[in-house]
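In what follows, every chain begins at residue 1, and chains take the letters A, B, ... in the order their sequences are listed.
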Number of protein chains: 2
Amino acid sequence: MSRRPTISDVAHEAGVSKGLVSFVFNGRPGVSPATRDRILAAAAELGWRPNPNARSLTTQTAYALGLVVLRDPAILGSDPFFPAFISGVEAVLSDRGRVMLLSVVPDEERELETYRKLAAESRVDGVFLTDLRHHDPRIALLAELGIPAVTLGRPDVPSGFPVIDRDYGHGITAVVSRLRELGHTRIAHVAGDDRMLHGTRRRDQFAEAVRASGGEPIVVGADFSPDAGAQATRALLARDEAPTAIVFANDPMAIAGMAVAQQLGYRLPEQLSITGMDGSEMSQYLFPPLATVGNDPAEWGRTAAHSLLALIETGASEDVTLPAAEFIPRGSIAPPPTPDGSAVDTPQQTATPSTR
Amino acid sequence: MSRRPTISDVAHEAGVSKGLVSFVFNGRPGVSPATRDRILAAAAELGWRPNPNARSLTTQTAYALGLVVLRDPAILGSDPFFPAFISGVEAVLSDRGRVMLLSVVPDEERELETYRKLAAESRVDGVFLTDLRHHDPRIALLAELGIPAVTLGRPDVPSGFPVIDRDYGHGITAVVSRLRELGHTRIAHVAGDDRMLHGTRRRDQFAEAVRASGGEPIVVGADFSPDAGAQATRALLARDEAPTAIVFANDPMAIAGMAVAQQLGYRLPEQLSITGMDGSEMSQYLFPPLATVGNDPAEWGRTAAHSLLALIETGASEDVTLPAAEFIPRGSIAPPPTPDGSAVDTPQQTATPSTR
DNA sequence: GGGCTTTCCTAAACCGGTATAACCTTCACA
DNA sequence: TGTGAAGGTTATACCGGTTTAGGAAAGCCC
């Protein structure tokens with residue numbers, strides 16, 4: 001209804017000048033305790049809070065952090081990372097007087113344009129860089145624009161920004177070890193998007209883990225989407241020597257892969273072991289429950305937010321390493337089918353008569 | 001590196017006063033075409049864009065819209081609605097000079113506090129109200145704060161805000177009809193969160209559809225989370241007269257429900273039909289593919305954004321009805337098991353010997 | 001008691017825009 | 001030829017804060 005109170009209203013109410021009110025709210029010394037209390041009381045009574053837009057003008061601070069998500073809208077919904085990541089960021093921001101500005105863009109051109117716009121309009125004090133790509137153009141752009149940033153993962157280009165990272169290879173190695181222990185020799189990987197750093201890294205870590213255990217990695221490319229995951233699974237299972245275990249680069253692909261295998265008549269996990277990555281909430285509610293590698297997006301969010309705020313407020317730029325990713329074993333893995341038993345129990349044969 | 005250009009820089013560069021530059025960028029008449037071009041050229045050369053913070057001061061506009069999401073962080077990740085909704089909103093906003101401000105809060109207290117803060121700080125010009133609850137306190141609060149809003153769904157309390165809605169009952173009725181056609185008589189519903197309007201509405205629409213077709217609805221409460229969906233499914237299948245079809249109030253619960261049934265030894269869909277709601281991307285990549293009711297969150301986003309902008313910019317407040325929700329039939333439904341066949345093929349019996 | 005700090009406070013400029021009143025030309029018209 | 005209107009432009013106040021310079025009052029010292 002009535003106009004929002006301003007600093008002048010508070011000053012008038014407390015019988016002081018605007019400047020003093022500002023001093024109090026910025027915790028600056030040189031205000032007597034008595035007046036301080038009077039000002040705080042006046043502000044509380046009027047329900048006044050400093051207007052960040054006005055503050056921005058003089059402080060050259062936007063009181064906001066940005067997140068620009070480049071996503072094919074089609075596969076956006078199946079990715080469980082962002083909502084949890086954002087809630088982690090928010091948990092930190094809510095007490096720090098900053099808000100989060102979110103943008104979802106369909107392609108790289110719009111993405112870079114969005115950063116330029118945020119910069120030109122002084123909308124944000126810093127940004128989170130997620131889903132790092134190879135030779136990611138955002139790093140140089142943000143450096144040029146002078147916008148502070150933190151990267152989720154270590155870029156493959158020179159970057160002065162703090163890095164938040166986690167040893168994900170640890171979990172991947174554990175997956176492969178466990179599968180080898182169970183007796184699997186033909187272990188395949190359905191990889192994520194090759195343009196993304198964590199797509200190829202997970203692929204490399206998988207390959208390395210398999211080789212380290214004396215095996216020969218089988219890898220087929222995909223892009224983190226359930227659709228690609230399903231196609232890759234179909235291709236793998238159509239091979240002469242089909243793998244007995246498939247390690248998917250994320251949970252949505254693994255879920256789609258499980259469905260493809262089941263449709264082909266595979267009994268899971270007896271005839272095919274499957275694992276996912278990223279430890280989505282859904283994974284434990286599948287049948288069989290999906291073994292996966294934990295990731296904790298909310299922890300990424302909290303940590304990234306702390307780092308970014310530290311960088312902005314104090315200039316402190318320190319890399320943070322999150323705890324190594326842990327393998328979460330569940331019912332979707334088992335020993336491979338025995339070679340002799342496979343004759344009577346070939347999945348494709350039992351599958352053929354099925355109705356769909 | 002160098003200071004961001006200001007309107008004065010542009011004015012100086014073009015050899016005119018600040019006012020004229022402002023006129024040009026606000027599309028006001030009374031500027032000669034020649035000067036107009038000169039000003040635009042100068043602005044382009046300097047890469048200048050009006051600073052929204054500064055504009056806010058005089059225009060009393062924040063150039064931002066807000067979305068406050070109240071979510072138990074634990075179930076945040078499994079909900080595919082928000083990412084797609086946001087991308088729909090963004091598609092509209094990106095050309096309109098406004099950004100989206102996102103907040104994720106863990107409880108109602110923080111939620112309301114967040115709205116108050118956004119208002120007191122003039123952070124947003126309007127907000128989206130999603131996940132409407134019974135007697136939703138946000139409606140009155142926003143009216144009191146004077147913040148424009150649009151609601152996704154029709155509130156059960158007096159509200160002057162525009163309503164974006166979709167006849168979801170249409171899809172639910174289609175689901176029930178189809179199941180009845182197939183011969184199901186014991187059709188159950190695993191309901192969503194009772195505190196949410198769409199939780200109870202879907203439940204009511206289900207019950208009504210079943211009764212209209214001459215049946216007796218079976219309903220068990222849940223809360224949209226996979227965990228609750230799994231528990232509800234277990235409870236239903238443990239009944240003496242277990243349902244032959246289960247209609248879940250959203251896809252994540254349906255996925256969890258499918259897993260529970262499969263774990264109990266049910267062959268899907270022959271022995272149990274299952275449907276979801278909200279038409280998530282994942283649903284089609286399951287086995288069997290999950291029949292569901294479409295929803296198109298991105299369309300909600302685009303529409304809500306248009307409505308909210310119209311309300312803010314022109315005061316136009318018109319309700320919008322999206323196309324009725326359509327049933328998406330898929331492989332997860334089939335005729336119920338025949339009563340005679342059920343003796344030899346009782347799920348629990350074949351399940352018992354299974355290893356886990 | 002005069003000079004010097006210190007403490008507490010105010011006035012005013014400033015941030016980068018918008019909005020308004022006023023000004024100067026130019027031109028049409030009587 | 002004087003007058004008024006229209007078109008194009010500038011000067012300036014203002015939005016709601018922060019920041020700086022400076023001033024009044026009180027305290028300290030010798």
Side-chain angles (χ1 to χ4, degrees), chain A residues 2-40 42-43 46-64 97-98 117-123 125, chain B residues 2-40 42-43 46-64 97-98 117 119-123 125 313:
Chain A
S2 64
R3 196 175 53 47
R4 257 181 269 285
T6 75
I7 198 173
S8 299
D9 299 329
V10 176
H12 184 257
E13 175 78 18
V16 298
S17 70
K18 293 197 314 177
L20 258 202
V21 179
S22 177
F23 278 21
V24 167
F25 272 77
N26 289 292
R28 292 172 47 152
V31 183
S32 79
T35 10
R36 211 185 94 90
D37 291 348
R38 202 145 34 87
I39 290 172
L40 287 176
L46 271 56
W48 176 81
R49 294 191 200 232
N51 179 330
N53 292 317
R55 299 186 73 194
S56 299
L57 238 33
T58 46
T59 61
Q60 304 290 5
T61 304
Y63 302 102
R98 268 177 236 254
K117 192 168 76 181
L118 292 178
E121 297 182 348
S122 301
R123 289 272 200 180
D125 304 316
Chain B
S2 65
R3 195 174 57 47
R4 255 182 268 285
T6 76
I7 197 172
S8 299
D9 299 329
V10 176
H12 183 256
E13 176 78 17
V16 298
S17 69
K18 294 197 314 178
L20 261 200
V21 179
S22 176
F23 279 19
V24 168
F25 272 77
N26 290 292
R28 294 172 45 150
V31 183
S32 78
T35 8
R36 211 186 96 90
D37 291 349
R38 203 146 31 88
I39 289 172
L40 287 177
L46 270 55
W48 175 82
R49 297 192 199 231
N51 179 331
N53 292 317
R55 299 186 73 193
S56 300
L57 238 33
T58 46
T59 61
Q60 305 289 2
T61 303
Y63 301 102
R98 269 177 236 254
K117 191 169 74 181
E121 298 182 347
S122 300
R123 288 272 198 181
D125 304 317
E313 290 170 4

Can you tell me if B:R36 has over 12 outside heavy atoms packed within less than 6.0 Å of its CZ?
no
DNA chain C: 5'-proximal contact among A:P33 and A:G19 (nearest heavy atom):
A:P33
Treating [X] as the side-chain partner and [Y] as the backbone partner, does any N or O pair qualify as donor plus acceptor under 3.5 Å?
{"X": "A:T61", "Y": "A:S56", "answer": "no"}
{"X": "A:N51", "Y": "A:N53", "answer": "yes"}
{"X": "A:R49", "Y": "B:A119", "answer": "no"}
{"X": "B:R28", "Y": "B:S22", "answer": "no"}
{"X": "A:D9", "Y": "A:T6", "answer": "yes"}

Check the distance between [N]'s [atom2] and [X]'s [atom1] and give it to me in whole angstrom.
{"X": "B:Y63", "N": "D:dC15", "atom1": "OH", "atom2": "C1'", "result": "12 Å"}
{"X": "B:R123", "N": "D:dG16", "atom1": "CZ", "atom2": "C1'", "result": "14 Å"}
{"X": "B:L20", "N": "C:dC24", "atom1": "CG", "atom2": "P", "result": "17 Å"}
{"X": "B:F25", "N": "C:dT18", "atom1": "CZ", "atom2": "P", "result": "10 Å"}
{"X": "A:F23", "N": "C:dA11", "atom1": "CZ", "atom2": "C1'", "result": "12 Å"}

Residue-phosphate contact under 4.0 Å: B:T35 side-chain N/O, D:dT9 OP1/OP2:
yes
Classify the nucleic acid contact of B:V21 as base, sugar-phosphate or nothing, counting any heavy atom under 4.0 Å across all strands shown.
nothing
What's A:R28 touching, base or sugar-phosphate or nothing? Going by heavy atoms closer than 4.0 Å.
base
What protein N or O atoms touch nucleotides 14-17 of chain C N or O atoms at under 3.5 angstrom, if any, and at what distances?
from	atom 1	to	atom 2	distance (Å)
C:dG16	N2	B:A54	O	3.3
C:dG17	OP1	B:W48	NE1	2.8
C:dG17	OP2	B:I7	N	2.5
C:dG17	O5'	B:N51	N	3.2
C:dG17	N7	B:K18	NZ	2.9
C:dG17	O6	B:K18	NZ	3.1

